[in-house]
**Q** 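Input: one structure, supplied below.
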Amino acid sequence: MATSGTAEPTRRDFLYLATGAMGAVGAAALAWPFISQLQPDASVLAMSSTEVDLTQVAEGQIVTVKWRGKPVFVWNRTPEDIAKAKATALSALMDPVARNANLAADAPATDENRAAEGAGREKWLVVIGICTHLGCVPIGHSGEYDGWFCPCHGSEYDSAGRVRRGPAPENLAIPPYKFVSDTKISIG
Amino acid sequence: MSGHSTFEPKHPALKWFESRLPLVGLLHSSFVSYPTPRNLNYWWTFGGILSLMLVCQIATGVVLVMHYTPHASMAFDSVEHIMRDVSYGWLLRYMHANGASMFFIAVYIHMFRGLYYGSYKAPREVLWILGCIIYLLMMATAFMGYVLPWGQMSFWGATVITNLFSAFPVVGPTIVEWLWGGFSVDNATLNRFFSLHYLLPFMIAGVVVLHVWALHVVGQNNPTGVEPKSEKDTVPFTPYATIKDGFGMVCFLIFFAWFLFYIPNYLGHADNYIPANPLVTPAHIVPEWYYLPFYAMLRAVPSKLGGVLTMFSAIIVLFFVPWLDTSKVRSGRYRPLFKQFFWIWIAVCIGLGWLGSKPAEGGYVIAGRILTVWYFAHFLIVLPLLGLFEKPKAVPASITEAVLGKNKGGAPASAGVSAPQTKG
């Protein structure tokens with residue numbers, strides 16, 4: 001094309017670069033909507049919080065509610081469940097981190113950090129019901145640790161939703177939630 | 001046809017690949033070294049523009065399907081969901097809807113170009129017929145796509161068009177029920193139209209490949225209609241045609257963007273923002289603008305079957321143009337009488353389009369009849385007879401002569417500028 005004996009960039013070199021740069025900007029601007037349309041749309045985001053009435057959950061019962069298309073377990077734990085969870089030393093845990101979206105990321109996985117916050121609320125355990133291994137829904141009130149047992153690959157969780165036997169690497173995640181009244185929580 | 005350069009791979013890996021599948025060489029000989037007539041004007045950029053529009057329609061269509069629900073009770077709401085909830089959904093849908101109109105604007109210009117410059121004449125008959133098939137597929141695709149939003153115009157458009165087939169004696173009603181998958185346009189109809197609307201663009205893409213293949217076998221026509229005779233008559237596709245096509249595309253996209261961003265609903269109908277109601281027909285029902293000339297013909301004929309046959313014949317006659325035009329001279333540029341009749345015919349087509357948008361009453365119907373007769377007379381009477389009676393102007397001996405001859409009286413420098421390939 002533009003063959004110039006000198007090493008100096010020519011006017012044509014500049015035009016090539018400028019045109020190419022403009023073309024790249026245009027292509028990126030065009031690609032943007034095509035990529036952006038794949039993300040959760042407004043109607044999905046609008047449904048991103050769920051309220052749960054706790055008066056419907058009897059002692060010892062685990063109810064499952066749907067939040068953002070995922071199961072969330074709300075467990076009204078018995079005093080024995082709580083005592084057992086509290087008696088477990090942190091050193092016995094596979095995952096020593098609380099995995100509680102309402103606390104700091106490095107909070108230790110004590111029962112206090114896993115259960116609901118506030119006086120008289122420690123019986124409430126709210127966890128996302130998805131095994132941290134490959135996403136199956138574990139079965140409640142089962143397994144060696146009286147928590148959850150995952151039928152897919154045999155992971156077991158205790159009565160604070162902490163993983164006690166692999167292959168799952170992490171404790172069941174705790175979603176962001178808050179008490180909107182003494183008997184009602186809002187997840188998300 | 002001899003090329004300007006041949007592709008010879010230098011890199012050993014490319015050499016290895018090329019000896020097993022000469023893909024890069026094929027692309028090189030088709031879109032880089034392919035010899036194009038040196039005198040192509042901007043009417044020749046519409047082939048590239050049409051390819052671009054096909055890609056645009058398929059890309060936006062594939063994305064819209066990710067958010068659309070093909071069900072009679074959910075389709076309308078899912079389209080509104082695209083417009084309101086989906087990130088950039090409004091943009092993608094308007095691109096698709098206006099893109100269809102842009103596609104037809106480009107295809108009509110492309111067809112008029114072919115008719116004016118005699119691009120259908122030997123040896124390009126198959127190329128022309130493949131183009132007609134693409135046009136037919138486009139019409140079917142666009143019609144079925146317009147049904148998918150399931151608004152009032154969608155529903156009643158589908159009802160009217162499918163009822164065209166009821167005009168055929170004896171088998172008509174059975175065919176229509178078969179098309180509907182029921183006793184009226186309903187969910188079954190919507191679902192099959194959706195399926196076919198997704199399928200047909202890929203069939204179009206397939207025929208486009210044949211169209212381009214046929215083009216590359218016989219070579220491009222050019223404004224003189226004289227075949228390239230020497231290397232001097234052609235320039236390599238890249239950079240000459242690529243840059244010219246690219247510039248044409250950019251200008252066309254500006255035109256497209258104007259519709260897209262400023263008047264996205266100008267070419268649509270407000271009634272289509274009312275959910276389909278099988279119990280009430282809108283007061284004025286008209287098809288999309290690109291069908292209007294045919295719609296005018298349908299209504300011009302006072303018999304049901306006659307109207308349908310007339311409308312279909314208006315497209316079928318295009319397939320026979322290579323044999324209806326008897327003139328030995330290819331390009332309209334050297335045919336003084338043809339040139340006049342061509343522009344009259346263009347005016348007739350536009351007139352029919354205008355009449356198609358008017359109510360079918362009084363003077364509109366009479367005018368529709370006159371123009372319909374003229375439309376067919378152009379192909380069946382004017383084209384065959386012109387070849388026998390017309391005195392064509394002198395055709396240049398070669399493309400180069402036509403290009404350089406124009407500048408004979410002017411400064412010789414300008415002749416040098418328009419002969420950039422002489423050293424190649």
Side-chain angles (χ1 to χ4, degrees), chain A residues 1-51 65-72 101 128 130 134-135 175-177 186-188, chain B residues 4-5 32 52-53 55-69 74 77-99 235-236 238-240 242-247 249-254 256-257 260-261 264 420-421 423-424:
Chain A
M1 290 288 156
T3 46
S4 122
T6 63
E8 284 288 299
T10 61
R11 176 185 157 82
R12 180 154 290 202
D13 289 334
F14 171 77
L15 287 174
Y16 274 138
L17 280 173
T19 310
M22 200 60 210
V25 169
L30 183 66
W32 186 265
F34 284 83
I35 295 161
S36 176
Q37 56 86 20
L38 288 167
Q39 50 180 352
D41 62 45
S43 66
V44 172
L45 296 176
M47 289 196 296
S48 60
S49 78
T50 302
E51 289 198 342
V65 296
K66 201 166 144 193
W67 172 66
R68 287 186 172 176
K70 297 187 265 200
V72 171
I128 295 177
I130 290 181
L134 290 173
Y177 69 95
S186 168
I187 305 168
Chain B
H4 284 265
S5 68
V32 179
L52 178 72
M53 287 317 300
V55 170
C56 169
Q57 289 303 90
I58 290 179
T60 52
V62 165
V63 160
L64 287 172
V65 169
M66 295 179 188
H67 306 282
Y68 170 78
T69 312
M74 290 181 273
D77 288 345
S78 74
V79 171
E80 283 308 301
H81 160 74
I82 290 170
M83 295 299 287
R84 293 154 194 254
D85 295 340
V86 174
S87 185
Y88 291 101
W90 58 273
L91 178 64
L92 295 162
R93 176 166 174 260
Y94 279 152
M95 272 170 94
H96 197 71
N98 285 279
V235 288
T238 301
Y240 296 99
T242 3
I243 292 296
K244 193 157 186 163
D245 280 357
F247 185 69
M249 286 178 199
V250 168
C251 293
F252 191 80
L253 285 175
I254 291 172
F256 182 7
L260 181 56
F261 292 108
Q421 90 301 0
K423 62 177 185 295

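Below, chain A is the first sequence line, B the second, and so on; all start at residue 1.
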**Q** What residues of residues 78-86 of chain B make heavy-atom contacts with chain A at a cutoff under 4.5 angstrom?
**A**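 B:His81, B:Asp85, B:Val86, listed by number.
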
**Q** Spell out the residues in residues 25-33 of chain A that have some non-hydrogen atom less than 4.5 Å away from a non-hydrogen atom of chain B, in order of number; otherwise answer 'none'.
**A**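 Residues in range: A:Leu30, A:Trp32, A:Pro33.
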
**Q** What distance separates B:Asp77 CG from A:Ser43 OG, expressed to the nearest 0.5 Å?
**A**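 The CG atom of B:Asp77 sits 11.5 Å away from the OG atom of A:Ser43.
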
**Q** From B:Met66 CE over to A:Gln37 CD, what is the distance, rounded to the nearest 0.5 angstrom?
**A**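 If we round to the nearest 0.5 Å, B:Met66:CE and A:Gln37:CD are 5.5 Å apart.
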
**Q** For a quick test of reading the model, state the closest non-hydrogen atom pair linking A:Ser36 to B:Tyr88 and the distance between them.
**A**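 That would be OG-CD1, 3.4 Å.
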
